[in-house]
Amino acid sequence: MRIKEDSSYDRSVEEAEGEETTSQCSIGVLQQQQRKLVVVGYALTSKKTKSFLQPKLEGLARNKGILFVAIDQNRPLSEQGPFDILLHKMTGKEWRQILEEYRQTHPEVTVLDPPDAIQHLHNRQSMLQCVADMNLSDSYGKVGVPKQLVIKRDASSIPEAVIKSGLSLPLVAKPLVADGSAKSHELSLAYDQYSLRKLEPPLVLQEFVNHGGVLFKVYIVGEAIKVVRRFSLPDVTKWELSKNAGVFRFPRVSCAAASADDADLDPSVGGESFLASFDHPWYIKYKCLVMGLYRKFLRRSYHLVVGWINYLC
Ligand SMILES: Nc1ncnc2c1ncn2[C@@H]1O[C@H](COP(=O)(O)OP(=O)(O)OP(=O)(O)O)[C@@H](O)[C@H]1O
Ligand SMILES: O=P(O)(O)O[C@H]1[C@H](O)[C@H](O)[C@H](OP(=O)(O)O)[C@@H](OP(=O)(O)O)[C@@H]1O
């Protein structure tokens, strides 16, 4: 890994990290001056950059000798850097090609989420296959994925396909492609299979799993495990199912703003102990609907670096 001397110490970060004692700060300065700088080149959309590279994270990283440098996507990647790590959350054939060529010519650079390693995460069917294949169960319960059906084309065939598959209503309809675009997050809840004809394949239709309106997101990076609780879609009762019809688009209900960490939850909804028992190193971040235990693997790049920074702290 390329390293270079770093003689600066970003004092403004103290405010971000909260006040340190003078002695700690002076030790920090000395350590900083001796610590080698690690340069992380990042290629993220402007939206992702805004949501991920917060000034506090950059400051914290800088204090730990980690420098984030934006990759100029209008210039040849080989003319930029040098980098120690390359962090990206970009898709598209052209970017894949650029990255593959860069990896060949820069074996010394650690490329997080190389395209071939995360290809299966771009598809809501294949991303869950590795969970289904694990066939995990223990004294806390079984780990699995909801029953689902992929509709590649011809929305008019959906009602018959759903009846034939034996899927139970209601169903969650999700775009099959999970590429981080706004469209890939457009989810709908269908109370009958006929209304699904309005949707646009390719889709994955999943049985709705009642889970007490709370889901757990588990972020795992190496040995570091972080479990958060998020509000989720409420349970659908049989009465509601009998009284409702149609398909309804719903918002991103379990985003970071929907934290349920401080919510007073029914004890039966717990599950952290079961989740915290998961220590599979390659689990990166997955969402569990308690009881139904629905899992989705999400890409690790920026969680990996954040986890790394936290680990360094
Ligand atoms: N099979 C299911 N049963 C019950 N609720 C579900 C199911 N699938 C998804 N949900 C609900 O829909 C929300 C979003 O689902 P999912 O995570 O698949 O979509 P996403 O757009 O990729 O999410 P994110 O915004 O976190 O990336 C979940 O947080 C959960 O509340
Ligand atoms: O609850 P979080 O903030 O972890 O939800 C993430 C989500 O898990 C995905 O990582 C999203 O990334 P994309 O799939 O690339 O969109 C994040 O979306 P973003 O639009 O906020 O970056 C969610 O925050």
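Whatever order the structure lists ligands and atoms in, that order sets their numbers, starting from 1.
A 4.5 Å side-chain heavy-atom check between I220 and V218 finds at least one atom pair inside the cut-off. Taking the side chain as every heavy atom from C-beta outward, Y42 and V69 never approach each other to under 4.5 Å. Contact check for T110 versus L86: no side-chain heavy atoms found under the 4.5 Å cut-off.
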Let me see the working for Y191 and F248 under ring pair (Phe, Tyr, Trp, His ring centres under 6.0 Å), right down to the final yes or no.
-> CA-CA 9 Å; Y191 287 93; F248 305 92; 5.7 Å; yes
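When the heavy atoms of V145, L187, L128, V209 are ranked by distance to atom 3 (N) of ligand 1, first place goes to V209. With atom 21 (O) of ligand 2 as the reference point, the heavy atom nearest to it among K50, H185, K47, K89 is part of K47. Compare N210, L233, L215 by their heavy atoms: the one nearest to atom 28 (C) of ligand 1 is in L215.
Near S254, with a cut-off below 4.0 Å to any heavy atom, the atoms of ligand 1 are 28 (C), 29 (O), 31 (O). In summary, the atoms of ligand 2 found under 4.0 Å from a heavy atom of R230, numbered by their order in the structure, are 1 (O), 2 (P). Against a heavy-atom cut-off of under 4.0 Å, S232 is close to the following atoms of ligand 1: 30 (C), 31 (O). The contact set between ligand 2 and K217, taken as ligand atoms under 4.0 Å from a residue heavy atom, comprises 1 (O), 2 (P), 4 (O), 5 (O), 8 (O). Close contacts of ligand 1 with R252, meaning ligand atoms under 4.0 Å from a residue heavy atom, involve 24 (P), 25 (O), 27 (O). Close contacts between ligand 2 and K48 involve ligand atoms 11 (C), 12 (O), 13 (P), 15 (O), 16 (O), 17 (C), 18 (O), 19 (P), 22 (O) [criterion: under 4.0 Å to a heavy atom]. Of all atoms in ligand 1, numbered sequentially from 1 with element shown, those under 4.0 Å from a heavy atom of K217 are 26 (O). Heavy-atom proximity to F250, at under 4.0 Å, picks out these atoms of ligand 1: 12 (O).
Within the 4.0 Å heavy-atom criterion, neither part of H122 lies near ligand 2. At a 4.0 Å heavy-atom cut-off, ligand 1 does not touch M127 at all. Contacts between K174 and ligand 1 below 4.0 angstrom, taking non-hydrogen atoms only, involve the side chain exclusively. The proximity of P146 to ligand 1, defined as any non-hydrogen pair under 4.0 Å, is limited to the side chain.
Considering backbone and side-chain atoms alike, H185 places an N or O below 3.5 Å from some N or O of ligand 1. An N or O contact shorter than 3.5 Å is missing between H211 and ligand 1 by distance.
Within the 3.5 Å criterion, the main-chain N or O of H88 finds no donor-acceptor partner in the side chain of D113. Side-chain atoms of E108 never come within 3.5 Å of backbone atoms of D84 as a donor-acceptor pair (strictly under, hydrogens ignored).
Side-chain contact of Q97 with E101: a donor-acceptor pair under 3.5 Å is present, judged by distance alone. Checking E240 against T237 by side-chain atom types alone, a donor-acceptor pair falls below 3.5 Å. Between Q206 and K174, the side chains place a donor N or O and an acceptor N or O closer than 3.5 Å (distance only, hydrogens not considered). In the model, T91 has no side-chain atom that pairs as donor or acceptor with a side-chain atom of H122 under 3.5 Å.
Ligand 1 does not have Q148 within reach: every non-hydrogen atom of the residue lies 4.0 Å or more from it. Residue-ligand proximity: R124 is placed with a non-hydrogen atom under 4.0 Å from ligand 1. Ligand 2 is approached by Y219 to a heavy-atom distance shorter than 4.0 Å.
Ion pairing of K183 with E200 is present here, as a side-chain N (NZ or NE/NH1/NH2) and a carboxylate O approach within less than 4.0 Å.
For CZ of R153, the number of neighbouring non-hydrogen atoms (other residues, nucleotides, ligands) closer than 6.0 Å is 12 at most.
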